[in-house]
Amino acid sequence: MNQERLRQLTVPLLGWYERNARELPWRETPANAYHVWISEIMLQQTRVAAVREYYARFLREFPTIEALAQGEEERLMKCWEGLGYYSRARNLQKAARQTMERFGGELPRTYEELTGLPGIGDYTAGAILSIAQGQRVPAVDGNVLRLAARIMDCDEDIADVKVRRRFRAWVEEALPPAERCGDYNQAMMDLGATVCLPNAEPMCLLCPGRDLCAGREAGRQSSLPVKAPKKKRRVEERTVFVLLSGRGAALRRRPETGLLAGLWEFPNVEGALGEEEAARVLERWGVETLRWEKRIAAKHIFTHVEWHMTGYVLLCRPSGPADFCWAEGRDFADKTVPTAFARFRDEALEHLERQGRIK
DNA sequence: AATTCGGGGTG
DNA sequence: CACCCAGAATT
């Protein structure tokens, strides 16, 4: 195999990194394991550009592990609103609490203890240990898999766990001495993000590995890595109600498990209901409607499911099932409503504001 | 080994 | 539209 190519990259890569490292907020305090941890969790399956603002705001709200452990869930989730994969935030707080109890408030320094904390897996443990603790541990993410596949001209399926394990072992062999491993891991990610681009023609002329890349040599750089196709999304039809009363808009909490667990949503039912069917649902709920305002079509795409939503905005009395929560003003603003319902939240806000002015 | 978890940027 | 992103946990 071509692991040798990966090993040959190490020295030029570190040199490239010294001149081309991106300036990122979490790189200002690399020795602060808490900062590194927060950034790594936020960056899971999430681009740097999306994380920046969230990172700054999160650390303002929860400056230390202790503050995070003691923080209120409502505030925590509000901090995460719009970032996605909300279990990351919940796991973060669970891990913070375990850290207070088991490790005296400091993140542990071994791979086993770190991966034992909720939300910290193979990659994140490697990132924390190498960047904040100067330990010789690899951090293999999507960037590294792509880079390694190209430089070794390896066409094995990087979606396969066994293949990933082998890649990790090869990267481990290519690692520099411990004190440079944080830089090495971050250099691989920077090179992957800015030069060895995903889903596009890589900018090989700018790459420190251009003369030793087996993929480029074979002219296959842009068709690597190979990844098994994932199955397509299913489509779900839903009917969403924006119910507006003198006490505000109706929200309810989603179940504690599953999609958007524990977040707030506008009351909704399965199916694309017409007005008559929708009216029957409201009757069943015991909602006294005063006036139908309008109908809105909205679509939201998740990774594995696609919601086609029919929304009804209507004025009503503040009646309905016990799990309805009528909220306006700060109460409404404080509740975490996921992006999937953004179109309906905006509609509700517009009406609530208008009412506020009349008063 | 497969599926489930969000949301957004990009070709 | 399809693909991917500083992945992890659950089934």
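None of these values were measured; they are calculated from a predicted model. Within every chain, numbering begins at 1; the chains are lettered A, B, ... in the order of the sequence lines, protein sequences first and strands thereafter.
If you check every strand for non-hydrogen atoms under 4.0 Å, A/Thr124 touches sugar and phosphate atoms only. Within the 4.0 angstrom heavy-atom criterion, base atoms lie near A/Trp26. Using a 4.0 Å heavy-atom criterion, one finds that A/Asp160 contacts no nucleic acid atom at all. Residue A/Gly192 is classed as having no contact, given no heavy-atom separation below 4.0 Å to the nucleic acid. Across all strands shown, A/Lys162 has heavy atoms under 4.0 Å from sugar-phosphate atoms exclusively, and none from any base. Among the heavy atoms of the strands, none lies under 4.0 Å from A/Arg164.
For A/Glu277 and A/Arg280, the salt-bridge test fails: no basic side-chain N is under 4.0 Å from an acidic carboxylate O. Between A/Glu347 and A/Arg295, none of the side-chain N atoms (NZ, or NE/NH1/NH2) sits under 4.0 Å from a carboxylate O, so this pair counts as no salt bridge.
Heavy-atom distances to DNA chain C give each of A/Leu43 and A/Gly119 a nearest nucleotide, and the one nearer the 5′ end belongs to A/Leu43. In terms of position on DNA chain B, the residue among A/Ala200 and A/Thr257 whose nearest nucleotide sits closer to the 5' end is A/Thr257. Along DNA chain C, the nucleotide nearest A/Glu40 and the nucleotide nearest A/Leu117 are compared for position; the residue whose nucleotide lies closer to the 5' end is A/Glu40. Along DNA chain B, the nucleotide nearest A/Val161 and the nucleotide nearest A/Leu263 are compared for position; the residue whose nucleotide lies closer to the 5' end is A/Val161.
Closest approach to the A/Arg88 side chain among B/dG8, C/dA6, B/dG6 is made by B/dG6 (side chain taken as heavy atoms from C-beta onward). Taking only side-chain atoms of A/Lys227, from C-beta outward, the nucleotide of C/dC4, B/dG6, C/dA6 with the closest atom is C/dC4. Among C/dA9, C/dG7, B/dC5, the nucleotide with an atom closest to any side-chain atom of A/Asn91 is C/dA9. Of all nucleotides listed (C/dA6, C/dC3, B/dG6), C/dA6 comes nearest to the side chain of A/Arg22.
Counting to the nearest Å, the P atom of B/dG6 and the CZ atom of A/Arg343 are 22 Å from each other. Following rounding to the nearest Å, A/Ile158 (CD1) and C/dG7 (P) show an atom-to-atom distance of 11 Å. Counting to the nearest Å, the P atom of B/dC5 and the OH atom of A/Tyr86 are 14 Å from each other. Atom NZ of A/Lys232 is separated from atom C1' of C/dA2 by 13 Å (rounded to the nearest Å). Atom NZ of A/Lys231 is separated from atom P of B/dA1 by 18 Å (rounded to the nearest Å). Between the P atom of B/dG8 and the CZ atom of A/Arg233 lies a distance of 14 Å, rounded to the nearest Å. Here B/dG9 presents its P atom at 17 Å from CG of A/Leu197, a figure rounded to the nearest Å.
Closest approach of A/Gln93 to A/Leu68, counting heavy atoms only: NE2-O, 3.0 Å.
Residue A/Lys230 places none of its side-chain N or O atoms closer than 4.0 Å to OP1 or OP2 of B/dA2. Checking the phosphate oxygens (OP1, OP2) of B/dG7, a side-chain nitrogen or oxygen of A/Thr339 falls inside 4.0 Å. For B/dT4, the OP1/OP2 oxygens have no side-chain nitrogen or oxygen of A/Tyr85 closer than 4.0 Å. Note on A/Asn143: a side-chain N or O is less than 4.0 Å away from OP1 or OP2 of C/dA6. An OP1 or OP2 oxygen of B/dC5 is reached within less than 4.0 angstrom by no side-chain nitrogen or oxygen of A/Arg90.
Residues from residues 45-54 of chain A with heavy atoms under 4.0 angstrom of DNA chain B, sorted by number: A/Gln45, A/Thr46, A/Arg47. Interface residues of residues 298-311 of chain A facing DNA chain C, ordered by number: A/Lys299; criterion, heavy-atom separation under 4.0 Å.
Between A/Trp170 and A/Phe167, the ring-plane angle classifies as tilted under the 30° and 60° cut-offs. Between A/Phe266 and A/Phe341, the ring-plane angle classifies as tilted under the 30° and 60° cut-offs. Classified by interplanar angle (parallel below 30°, tilted 30° to 60°, perpendicular above 60°), the ring pair A/Phe302/A/His300 is perpendicular.
Taking the six-membered ring for Trp and the full ring otherwise, A/Tyr34 and A/Trp26 have centroids separated by 6.0 Å or more.
Under 3.5 Å, the side chains of A/Gln135 and A/Arg109 contain no donor-acceptor pair of N or O atoms. At a cut-off of 3.5 Å, with distance as the only test, no side-chain donor of A/Arg88 or A/Asn91 sits close to an acceptor on the other residue.
Cluster annotation: A/Leu175 is connected to A/Leu191 through the hydrophobic network of ILVMFWY side chains, with a link wherever side-chain heavy atoms come within less than 4.5 Å.
With A/Arg164 contributing its side chain and A/Ile158 its backbone, the two residues share a donor-acceptor pair below 3.5 Å.
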